[in-house]
Protein chains: 2
Amino acid sequence: MIMSVNPIRDRRAERYAATRAEILAAAWELAEEKGLASLAMRDLGARIGMRAQSLYAYFPSKNAIYDAMFAAANEELLQRVKRLPKTRDPVEGLRLNLRVFLQFCVESLVRYQLLYQRSIPGFEPSPEAYRAAIEALDTARHALLACGITQQKALDAWTAVSGGLAAQQNANEPGGERWIGLADEILDMYLAHYRPTTAEETQ
Amino acid sequence: MIMSVNPIRDRRAERYAATRAEILAAAWELAEEKGLASLAMRDLGARIGMRAQSLYAYFPSKNAIYDAMFAAANEELLQRVKRLPKTRDPVEGLRLNLRVFLQFCVESLVRYQLLYQRSIPGFEPSPEAYRAAIEALDTARHALLACGITQQKALDAWTAVSGGLAAQQNANEPGGERWIGLADEILDMYLAHYRPTTAEETQ
DNA sequence: GTCTATATTTGGATAGAC
DNA sequence: GTCTATCCAAATATAGAC
């Protein structure tokens, strides 16, 4: 194994990765405190005892930091939905998927902004950072499929209603549960309309 | 009448108001071209043949310009829903209200961001600018009331589904109609669930 | 890998002449 | 009411010494 042949290089890589992680953690903190768009390299460096310029040894630009945050957040969501217990009842599976998504959306306002609101001028997530986002959306698609819902229109309606709940909650009552508390009822409404009741309708 | 006593002062006021309007029009243009957050006083002045500093004779700050844009946009929406023809069928009234709202949301991405996404760091609309926004929302509430829908939960669900359609459309397919085209179907789904079927349920 | 020094850009806002 | 002249602040990013 290469690891045992050259332990010094490994320790360096570990240190490097640890510092990167530390920078990202500080970035989230600062974003929560001052707003996502107000994240500044100076402040970020200061928080971890560095000059702003030294951060460039870890990230080539500020947008690269946003990109890493974007990727990590989507990966977090993906892991959560993947870790969900398998249910016999497909509706229960969809309900859990929705619950996890909404909880994820309202836990952190800045994370929500970064992932779903494109509020940073000039920042466009990289395709790699997108991967987990697409995969997470795909879990919702599968949960819908398990309920016999296959039409593209129905999937689009699902993203609209689930996304709408999160958006209203964060916009009008951040930290509360006035809208996300409607999840179960909205789910019932949705299924009553879009779920096929006979085998034929499933196609 | 004061107007005929001192016509000079009137002409000045008119000129002043016209210049303010010109500035705001240029602000919308620039925002569409470069992004809402990238609106800069220099560019704005340049567009109307002025130095940036001269703009301060018309607006005390950049945020005041955003505020005027915010107010004007909400007023525009309010006028549109108010101008809607009276319908005998309350469901038709709700449908038209929704249609106008969605059309308004997708017509301009930057207007949508300004009104519904709070994407400008440090900008908080003034209470006066809010007035029309609240009034516009109130027209939706009345349209729902006419359909016999009175519960707060049901009103919240309405803002979630209608807002969700606009949000998904703008986020994933700006300029298209993949989501807003679902409006009628979503409305049916919503009414089937929330509209009382008997007089008693209406309370 | 971190620093100092600095370049560069950007952009909001004020003072005072005309 | 518009200008010139500035100021001031913030923030990204690079060069090069240590």
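Reminder, nothing fancy here: chain letters follow the sequence lines and each chain counts from 1.
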Measure all distances between protein nitrogen or oxygen atoms and nitrogen or oxygen atoms of nucleotides 4-7 of chain C, and list the pairs falling under 3.5 Å.
{"residue": "C:dT4", "atom": "OP2", "partner": "A:Arg51", "partner atom": "NE", "Å": "3.2"}
{"residue": "C:dA5", "atom": "N6", "partner": "A:Gln53", "partner atom": "NE2", "Å": "2.4"}

> Contact class for A:Leu39 vs. all strands (heavy atom < 4.0 Å): base, sugar-phosphate, or nothing?
Replying inline: sugar-phosphate

> Counting only non-hydrogen atoms, which of residues 57-67 of chain B are less than 4.0 Å from DNA chain D?
Replying inline: B:Tyr58

> Rounded to the nearest Å, what distance is computed from the CG atom of residue A:Asp43 to the P atom of nucleotide D:dA9?
Replying inline: 16 Å

> Taking C-beta and beyond as the side chain, do B:Val161 and B:Trp158 meet within less than 4.5 Å on heavy atoms?
Replying inline: yes

> Hey, mind stepping through A:Glu92 and A:Arg95 against salt bridge (charged side-chain N to carboxylate O under 4.0 Å, His left out) and telling me if it holds?
Replying inline: CA-CA 5 Å; A:Glu92 195 55 27; A:Arg95 197 181 303 276; 3.7 Å; yes

> Side-chain contact, heavy-atom cut-off 4.5 Å: B:Leu114 with B:Trp28?
Replying inline: yes

> Between B:Ala52 and A:Gly49, which has a closest nucleotide on DNA chain C that is more 5'?
Replying inline: A:Gly49

>> What contact category does B:Gly122 fall into here, base, sugar-phosphate, or nothing, at under 4.0 angstrom with non-hydrogen atoms?
In response: nothing

> Are the side chains of A:Glu185 and B:Tyr194 in touch, meaning some heavy atoms are under 4.5 Å apart?
Replying inline: yes

Pairs of donor and acceptor atoms involving the side chains of residues 170-178 of chain B, under 3.5 Å and at least two apart or interchain, shall be tabulated with distances.
{"residue": "B:Asn170", "atom": "ND2", "partner": "B:Cys105", "partner atom": "O", "Å": "3.2"}
{"residue": "B:Asn172", "atom": "ND2", "partner": "B:Gln168", "partner atom": "O", "Å": "3.3"}
{"residue": "B:Asn172", "atom": "ND2", "partner": "B:Gln168", "partner atom": "OE1", "Å": "2.7"}
{"residue": "B:Glu173", "atom": "OE1", "partner": "B:Gln169", "partner atom": "NE2", "Å": "2.8"}
{"residue": "B:Glu173", "atom": "OE1", "partner": "B:Glu177", "partner atom": "N", "Å": "3.2"}
{"residue": "B:Glu173", "atom": "OE1", "partner": "B:Arg178", "partner atom": "N", "Å": "3.0"}
{"residue": "B:Arg178", "atom": "NE", "partner": "A:Asp156", "partner atom": "OD1", "Å": "3.4"}
{"residue": "B:Arg178", "atom": "NE", "partner": "A:Asp156", "partner atom": "OD2", "Å": "2.8"}
{"residue": "B:Arg178", "atom": "NH2", "partner": "A:Asp156", "partner atom": "OD1", "Å": "2.8"}

> So which of A:Asp184, A:Leu187, A:Leu94 actually passes side-chain contact (heavy atoms from CB on, under 4.5 Å) with A:Arg99?
Replying inline: A:Asp184

> Quick check: does any side chain N or O of B:Arg20 sit under 3.5 Å from a backbone N or O of B:Tyr58, one acting as donor and the other as acceptor?
Replying inline: yes

> Mind checking whether B:Phe70 and B:Tyr130 have side chains closer than 4.5 Å, heavy atoms only?
Replying inline: yes

